[in-house]
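Here the structure comes first, spelled out in structure tokens, and everything after it is commentary.
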Protein chains: 2
Amino acid sequence: MAKKRQARFTTEDLEGLPELEDESPMLWDESRGEVQRRLLTAAVRCFASNGFHATTTRDISGAVGLSPAALYVHFPSKEDVLFEIIRTAHARALAAVTDPALTGIEDPVRHLWALVARYTEWHARYHVAARVSQYELAGLSPEHYEQILETRHRTNVVFRSAVERGVTTGAFAEVDVKRVARAILSLGIDLVRWYRRDGSDSPEQLGEFTAQLALKMAMTPDLDLGPAPRPESTLAS
Amino acid sequence: MAKKRQARFTTEDLEGLPELEDESPMLWDESRGEVQRRLLTAAVRCFASNGFHATTTRDISGAVGLSPAALYVHFPSKEDVLFEIIRTAHARALAAVTDPALTGIEDPVRHLWALVARYTEWHARYHVAARVSQYELAGLSPEHYEQILETRHRTNVVFRSAVERGVTTGAFAEVDVKRVARAILSLGIDLVRWYRRDGSDSPEQLGEFTAQLALKMAMTPDLDLGPAPRPESTLAS
DNA sequence: TGTGACTTACTAAGCGCATAGTCACCTGGT
DNA sequence: ACCAGGTGACTATGCGCTTAGTAAGTCACA
């Protein structure tokens, strides 16, 4: 008695669910047709709420008022829909942090600040698509997966270089570059797990706040907690 | 021509794959039988590498040398296997940070340090099971999902309180408690996305490093970047 | 302007395979 | 003799994708 793959959210639920509200309709290239873009946007919402495998081709096509077969006019397979989403999102996020307006900033402090603010803001703005891009990688074919990994690596390098520059120029403390860069990326990415557009933080505010945290992590020297915290004994001789 | 749900990792691949190595075999209650625990451990690996919906009951049972039907001797459904994994992992992680040895620490600085170190270390140690717990929530029934949310909330409160105490006692800077607590949790959780047991960080090292970052975030006052960074103009009057 | 050839976007119907879960039966230890 | 734990064969159903066909648009050209 094979169960339906999912039930938590049905197609009609997806309309107007506040945690699925983001700007992903604006993500797709202009070169794509109207219908393709609407399919991609619908797929983002389905994949985000129920997962790739729990989403049927009927869910996606039905959400834009088409029959299941219509999907195959525009995309060769369901996996390709996922790939287009993930590829586009990764490319856009990378583009956001390689914008010349950012890379041109001389001061390492301002540079890292702007980098983190941008990256965080991007993820907040497109958090539903970004969530799919982070959580549904297992749905990709090995070839497509490999391609995405490459983009991720390039993104990592951007952050690592920014931290490195601050350390070598002395603008930052002498921190562990790789680890700090990793932590900064974590802050920028992990928000897709919980961010909601109807919460109290706007993408800009969250970006600025996270950028502050990144600077604190990069610029503050390590704290020494002092001698072992002996359980008892406050100041008795 | 319905395709097989997945292909990226077949069952035999899962043996000895280094990124799927963690301590989840130690997670399960002693009260559970040997076979149940082996099934849960196998399920963790399958779910982590291919996702809940892409994992078949044959994958799980086959991985411990049993027939598919044997799964139903020990668990009422595949969803229940997922729930047991997620429930146990969330409960253990909460237990780790409510350990009296931690909650008893008077000094807010040492307290937060220990809290973050413990939490991070836990996630690193059980990163495969933790990954399933974070990424496969969509596979749960609404009732089970609700139950997990409750545990998550309790965990959040632990961190928020720890940060709050430091701020009110003046041990920390006057930071935004909710946001900082959220960022700290992000650091502790997001590592499940990339952590590997065969990497360069041991769980303890990662815990200590993240704890340092948490203190920097909580104890450093906000930086003022000064006046607007006018594009040109260095020091020309 | 009319016509036939071709294209684009779509649908209805359904194939064929995969899968969660069931059930009657088996089996070894107490 | 019993029964917990396990099996092989099966069912019911879901789902990705295909196929055959429709309707409307475009274009070359007589």
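Below, read A as the first sequence line, B as the second, and so on, with proteins coming before strands; counting in each chain starts at 1.
In this structure, A:Ile60 places its CD1 atom 13 Å from C1' of D:dC17, rounding to the nearest Å. Counting to the nearest Å, the P atom of D:dT13 and the NE2 atom of B:His53 are 20 Å from each other. Between B:Leu82 atom CG and C:dA20 atom P the separation is 13 Å, expressed in whole Å. Between the OH atom of A:Tyr72 and the P atom of D:dG21 there is a distance of 22 Å, given to the nearest Å.
The phosphate of D:dG6 has OP1 or OP2 within less than 4.0 Å of a side-chain N or O from B:His74. Applying the 4.0 Å criterion to OP1 and OP2 of D:dG16, one finds that A:Thr57 has a side-chain N or O inside that range.
The salt bridge (charged side-chain N to carboxylate O under 4.0 Å, His left out) test applied to A:Glu164 returns no partner, not counting sequence neighbours.
Classified by interplanar angle (parallel below 30°, tilted 30° to 60°, perpendicular above 60°), the ring pair B:Tyr195/B:His127 is perpendicular.
Taking every side-chain heavy atom of A:Lys78 into account, D:dC17 is the closest of D:dC17, D:dG5, C:dC10. Among the nucleotides C:dT11, C:dC23, D:dG6, the one closest to the side chain of B:Ala69 is C:dC23. The side chain of B:Ser67 lies closest to D:dG8, out of D:dG8, C:dT11, D:dC15. Each of D:dC17, C:dC10, C:dT11 was ranked by its minimum atom distance to the side chain of A:Ser77; first place goes to D:dC17. Taking every side-chain heavy atom of B:Ala70 into account, D:dT7 is the closest of C:dT22, D:dG16, D:dT7.
Contacts of B:Leu66 with the nucleic acid, taken as non-hydrogen atoms under 4.0 Å apart, involve only primed sugar atoms and P, OP1 or OP2.
Among residue pairs with one or both ends in residues 95-105 of chain B, those qualifying as salt bridge (Lys or Arg N to Asp or Glu O under 4.0 Å) are B:Asp99-B:Arg118; sequence neighbours excluded.
The base of C:dG14 sits within donor-acceptor range of the side chain of A:Arg58, with an N or O pair under 3.5 Å.
A:Gln134 and A:Arg152 share a donor-acceptor pair across their side chains, judged by distance under 3.5 Å alone.
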